[in-house]
Enquirer: 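Below: one structure in structure tokens.
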There are 2 protein chains.
Amino acid sequence: MSEVKLTRNQGLVFDALQAAEAPLSAYTILDRLRGEGFRAPLQVYRALEKLLALGLVHRLESINAFVACSHPHHDHGESLVAFAICQTCGDVREFAAPAAAAGLRDWAAGAGFKPAKTTIELSGLCRACSAAGA
Amino acid sequence: MSEVKLTRNQGLVFDALQAAEAPLSAYTILDRLRGEGFRAPLQVYRALEKLLALGLVHRLESINAFVACSHPHHDHGESLVAFAICQTCGDVREFAAPAAAAGLRDWAAGAGFKPAKTTIELSGLCRACSAAGA
DNA sequence: TGCCAGACGTTATAGCGTAACACAACGGCC
DNA sequence: GGCCGTTGTGTTACGCTATAACGTCTGGCA
Ligand SMILES: [Zn+2]
Ligand SMILES: [Zn+2]
Ligand SMILES: [Zn+2]
Ligand SMILES: [Zn+2]
């Protein structure tokens, strides 16, 4: 088992991300935790660094924000994870993308490229906003 | 045909990106064009905005940098483009990812998500650096 | 000629992320 | 318990990334 004990700061940042319904920027997290004694961005970034390493949190490169992992229990090992980000409501859905992962792995094998980290992010409209936006 | 006439600033920024062997940040572009009269970030960002809209330039979200398109003639219409970024030498390869595109399109169709823009970026080691790094 | 959309120049400001330093807390080990 | 390396913390300061807001200028077209 991988029962990791988080420190106070790490736990606070993680809780903030889990409580949020949308991704949060590091500075938004900072503001939400000022009541808990947070004063500087580094406190947030250091906690995020650990949470990212543990796989409990993901970074959304295209919007410079962070989300709690939707399914932190099972490692998303070699089946890459992807994100669908709604440009209207900000909602994010995390999903596995095995077909995409396979295609990219094939290309990498042919090109001799050794991937260390893969980013797949879709920006667009979620079903609800797509219906509402008519 | 889509022979677009670029303005002076747009042309200078595009030339700077084409001349570079690696992606450039907006501020690096600014520094390289100071001799041409560039003084403020906005001059670069405005030119980039247009070049991105024209599809002549791509933005690499994971490293906040920009590259000239490798094959600007044929639109990469519905076959998504992906990037392999070497963490050691900074080299970037742009490639089409039809299998990944299909997989993501399938998921989006099932989830009711309408993608507007898709980001696929692999960070890792290129063949040369992988061999050298032993 | 008059108009207008788009590009341009400038200043200022907002947002994202890290360097550097010193100190405290934890845990293994003897 | 006392030692010591590792990890986390708090704070200040700084650098990089991106946009807001304003006014001006140009080029194309009725
Ligand atoms: Zn996850
Ligand atoms: Zn939505
Ligand atoms: Zn391209
Ligand atoms: Zn390389």
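Proteins get letters first, then strands, A, B, ... in listed order; numbering begins at 1 in each. A quick note: this is a predicted structure, and the numbers were derived from the prediction, not measured.
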Enquirer: By the salt bridge (Lys or Arg N to Asp or Glu O under 4.0 Å) test, which pairs, at least two apart or in different chains, include something from residues 84-96 of chain B?
Expert: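 Not a single pair qualifies under salt bridge (Lys or Arg N to Asp or Glu O under 4.0 Å).
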Enquirer: Y45(B) vs Y27(B) aromatic rings, parallel, tilted or perpendicular, using cut-offs 30° and 60°?
Expert: perpendicular
Enquirer: Testing the basics here: between Q18(A) and A68(A), what is the closest heavy-atom pair and its distance to 0.1 Å?
Expert: CG-CB, 3.7 Å
Enquirer: Taking atom types as modelled, is there a side-chain donor on S62(B) or E61(A) under 3.5 Å from an acceptor on the other?
Expert: no
Enquirer: Expected output is a numbered-order residue list: members of residues 85-92 of chain B with a heavy atom under 4.0 Å from any atom of DNA chain C. What is it?
Expert: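 Contacting residues: none.
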Enquirer: Please check: side-chain N/O of E36(A) versus main-chain N/O of L33(A), any donor-acceptor pairing under 3.5 Å?
Expert: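 Side chain of E36(A) to backbone of L33(A), a donor-acceptor pair under 3.5 Å: no, none is there.
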Enquirer: Within the structure provided, determine whether L48(B) and R46(B) are in side-chain contact (heavy-atom separation under 4.5 Å).
Expert: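 With C-beta onward as the side chain, the pair stays apart.
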Enquirer: Measure the spacing between OG of S123(A) and CD1 of I85(A) and express it to the nearest 0.5 Å.
Expert: 4.5 Å
Enquirer: Is there a side-chain contact between L54(A) and L6(A) in this structure, where contact means two heavy atoms from C-beta onward sitting under 4.5 Å apart?
Expert: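 Yes, close enough: below the 4.5 Å cut-off.
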Enquirer: If an axis is fit to five pairs at each end of the helix from dT1(C)-dA30(D) to dC30(C)-dG1(D), what is the angle between the two, to the nearest 10°?
Expert: 30°
Enquirer: Starting from P on dC26(C), measure out to CG on L6(A) and report it in whole angstrom.
Expert: 15 Å
Enquirer: Under the side-chain contact (heavy atoms from CB on, under 4.5 Å) test, which residues partner E49(A), sequence neighbours left out?
Expert: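 side-chain contact (heavy atoms from CB on, under 4.5 Å) check on E49(A) returns nothing, list empty.
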Enquirer: Can you pull the contact range of chain B along DNA chain D, 5' to 3', using atoms under 4.0 angstrom from its heavy atoms?
Expert: dT17(D) to dA21(D)
Enquirer: Assign a letter to each nucleotide of nucleotides 5-15 of chain C from its 5' end: B, base within under 4.0 Å of a protein heavy atom; S, sugar-phosphate only; -, no contact.
Expert: --SBBBB----
Enquirer: Could you tell me which non-hydrogen atom of R39(A) sits nearest to which non-hydrogen atom of R34(A), and how far apart they are?
Expert: O-NH1, 3.7 Å
Enquirer: For residues H58(B) and F66(B), establish whether the separation of their ring centroids is below 6.0 Å.
Expert: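 That pair fails the under 6.0 Å test.
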Enquirer: What's the shortest heavy-atom distance between R32(A) and A20(A), and which atoms?
Expert: NH1-CB, 4.0 Å
